[in-house]
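For reference, the structure discussed in these notes is given below.
The chains referred to below are lettered A, B, ... by the order of the sequence lines, with proteins before strands, and numbering in each begins at 1. Computed from heavy atoms alone, side chains included, the values below leave out hydrogens, waters and symmetry copies.
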Number of protein chains: 2
Amino acid sequence: MASQRGEGETTTTPLEPADRERARAIPEAAVARLAVYLRVLSGMADQGVTAVSSEELSQAAGVNAAKLRKDLSYIGSYGTRGVGYDVEVLVSHIERILGLTRNHSVAVVGIGNLGHALANYGGFPGRGFPVTALFDVDPDLIGVPVGGIPVSHIDDITAVCLEREVSIGVIATPPPAAQSVCDRLVSAGVQCILNFAPVVLQVPDNVEVRKVDLAVEMQILSFHVARRADEAVHNSGGGVSVGNNGLGVDGMVIRP
Amino acid sequence: MASQRGEGETTTTPLEPADRERARAIPEAAVARLAVYLRVLSGMADQGVTAVSSEELSQAAGVNAAKLRKDLSYIGSYGTRGVGYDVEVLVSHIERILGLTRNHSVAVVGIGNLGHALANYGGFPGRGFPVTALFDVDPDLIGVPVGGIPVSHIDDITAVCLEREVSIGVIATPPPAAQSVCDRLVSAGVQCILNFAPVVLQVPDNVEVRKVDLAVEMQILSFHVARRADEAVHNSGGGVSVGNNGLGVDGMVIRP
DNA sequence: CCGACTTTGTGCATGCGTTCACAAGCGGTA
DNA sequence: TACCGCTTGTGAACGCATGCACAAAGTCGG
């Protein structure tokens with residue numbers, strides 16, 4: 001499939017055979033955590049930390065130390081027993097496994113409030129996810145630059161996506177438009193979709209979809225509120241202490 | 001703990017003892033899916049559908065029919081064998097289990113691009129999650145109404161949250177401010193936090209945190225791109241067909 | 001009233017992910 | 001070189017979630 005898009009492999013570092021078998025076997029849940037480890041490690045590297053133990057890293061990432069070691073073992077044995085891990089080495093190996101050695105061009109569809117936020121979000125370009133295309137149907141928006149990129153009309157999606165080698169499509173449209181947009185992205189050869197619309201997308205097997213559903217997140221929180229309130233009422237009716245955990249309350253807040 | 005906040009239970013429907021034991025036993029994964037079922041069912045109800053079978057509902061929700069029935073069985077037996085489920089009945093029971101019979105007041109901290117998007121997002125108020133407070137540090141923003149609500153200063157967070165009975169705090173600040181904001185929310189008695197900042201928050205045990213991490217989502221997609229590209233290269237180098245799944249490509253796109 | 005058909009609810013087996021516990025391996029030290 | 005302490009890497013046990021397959025329970029037609 002990559003071969004369809006001209007010189008797709010220019011910047012890709014091919015995986016070694018041993019890595020390929022490993023990559024196939026990495027549990028989905030572990031992949032998500034590896035991304036978290038990567039961020040923590042990058043932060044450490046920026047602060048000049050060169051070595052780290054599984055215990056330290058696991059605490060910073062908010063997970064069990066044993067789980068962290070198992071997760072890292074999925075990508076190989078790059079630690080030194082009795083010492084720990086070299087931060088730089090770990091960073092580069094996780095980046096390689098996650099496919100971050102290649103840039104992944106991102107297209108955002110639906111330039112409303114959320115689309116604006118995504119287009120302006122600084123976190124993507126710096127980490128290998130440059131936003132290269134924006135789409136909408138509103139005539140007033142077409143051609144207007146948002147975050148430095150002019151908005152294209154949704155009807156040009158196939159041509160633009162192919163031209164700019166878009167590999168990830170982000171759907172930030174209202175729910176009724178989501179499936180249609182999804183179909184167009186798939187037609188344009190996009191195989192990875194991040195969906196913010198509260199809709200269950202139907203896609204072919206060869207397309208990977210990830211969903212971010214704010215309402216669902218809220219409702220899960222709501223469930224826990226209800227469960228706790230109920231437990232509290234039935235257990236003793238007493239007031240549960242609410243105080244903080246001793247962490248300092250000092251910081252400033254800066255607008256994104 | 002609810003008893004601490006005056007007349008907290010005014011609109012709450014207390015759970016029956018049988019439901020309480022059930023609620024305790026519902027797997028986390030099932031809770032997330034129940035929220036999805038609820039949305040699908042609500043959409044059906046709006047279109048006048050009154051009854052639905054597990055097969056239909058599961059397809060619309062994108063899950064296995066058996067799994068759907070098991071999920072529903074966690075909240076009770078409200079179907080009719082040989083017929084299916086009554087949409088209204090199912091909606092009301094899921095809402096009750098998820099704690100949606102009570103309104104959950106939401107506070108958004110960090111009124112940048114994302115904060116604006118959240119404050120204006122129409123999906124919350126309609127479904128029992130009214131945004132009642134906004135916070136930032138930027139003097140130019142304080143007092144300015146966003147989505148109909150004036151922005152308060154972060155220093156007033158405790159008073160405002162208590163006054164408006166905020167039960168869910170949303171963190172949409174830059175990473176460096178997230179932990180500090182989190183601590184303040186916790187001090188203000190907020191026990192549920194939805195975190196958009198790419199930071200691992202440290203909280204006491206009695207606080208529930210859910211994380212939405214765009215960079216992590218992107219990197220998971222990147223992993224799958226890399227894995228597939230690699231498989232394709234090593235399997236045969238051939239081009240995988242990309243065509244759509246026969247779904248119509250007809251819709252319009254409207255800006256949120 | 002009865003029998004055939006449909007669909008739910010669930011016991012059970014399977015597979016995946018997490019956790020434990022410990023052997024293997026490395027650096028430091030005498 | 002031989003020993004000691006520390007940390008990694010992983011085999012194995014455990015627990016949770018998923019999917020299957022079927023009994024239970026209801027409707028509908030005659």
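Comparing atom distances between the A/Ser77 side chain and each of C/dT8, D/dT10, C/dT19 picks out D/dT10 as nearest.
Put simply, A/Arg69 has no side-chain N or O that comes within less than 4.0 Å of OP1 or OP2 on D/dG11. For the pair B/Asn64 and D/dC20, the criterion of a side-chain N or O lying under 4.0 Å from OP1 or OP2 is met. Contact annotation: A/Tyr74 does not reach the phosphate of C/dC16 (side-chain N/O to OP1 or OP2, under 4.0 Å). Checking the phosphate oxygens (OP1, OP2) of D/dT8, a side-chain nitrogen or oxygen of A/Ser54 falls inside 4.0 Å.
Counting distance only, with no hydrogens placed and no angle test, the side-chain atoms of B/Arg81 and the base atoms of C/dT8 include a donor-acceptor pair under 3.5 Å. Counting atom types as modelled, B/Lys70 pairs a side-chain N or O with a base atom of D/dG19 as donor and acceptor under 3.5 Å.
Residue contacts for B/Ala66: at a heavy-atom cut-off of 4.0 Å it reaches a base atom on one of the strands shown.
Mapping A/Glu28 and A/Val83 onto DNA chain C via the closest heavy atom, the residue that lands nearer the 5' end is A/Glu28.
Atom CD of A/Glu56 is separated from atom C1' of D/dC6 by 13 Å (rounded to the nearest Å). Here D/dT8 presents its C1' atom at 14 Å from CD1 of A/Ile75, a figure rounded to the nearest Å. Rounded to whole Å, the distance from CG on B/Leu72 to C1' on D/dG19 is 16 Å. Rounded to a whole Å, the OH atom of B/Tyr78 is 10 Å from the P atom of C/dG9. The OH-P distance, from B/Tyr85 to C/dT6, rounds to 18 Å in whole Å. Atom C1' of nucleotide D/dG9 and atom CD1 of A/Ile26 are separated by 15 Å, given to the nearest angstrom. Taking atom CD of residue A/Gln59 and atom C1' of nucleotide D/dT7, one finds them 15 Å apart after rounding to whole Å. Atoms CG (A/Leu90) and P (D/dT7) sit 16 Å apart, rounded to a whole Å.
Using a 4.0 Å cut-off between charged nitrogen and carboxylate oxygen, A/Arg210 and A/Glu28 count as a salt-bridge pair. Here A/Glu217 does not pair with B/Lys211 in a salt bridge; the nearest charged N to carboxylate O distance is not below 4.0 Å.
Between the side chains of A/Glu56 and A/Ser53, at least one donor N or O lies within less than 3.5 Å of an accepting N or O.
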Would you mind writing out the side-chain donor-acceptor pairs for residues 85-92 of chain A within the sub-3.5 Å range, not counting sequence neighbours?
| from | atom 1 | to | atom 2 | distance (Å) |
| --- | --- | --- | --- | --- |
| A/Asp86 | OD1 | A/Glu88 | N | 3.0 |
| A/Asp86 | OD1 | A/Val89 | N | 3.0 |
| A/Ser92 | OG | A/Val89 | O | 2.9 |

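The shortest distance between side-chain heavy atoms of B/Leu201 and B/Ile171 falls below 4.5 Å.
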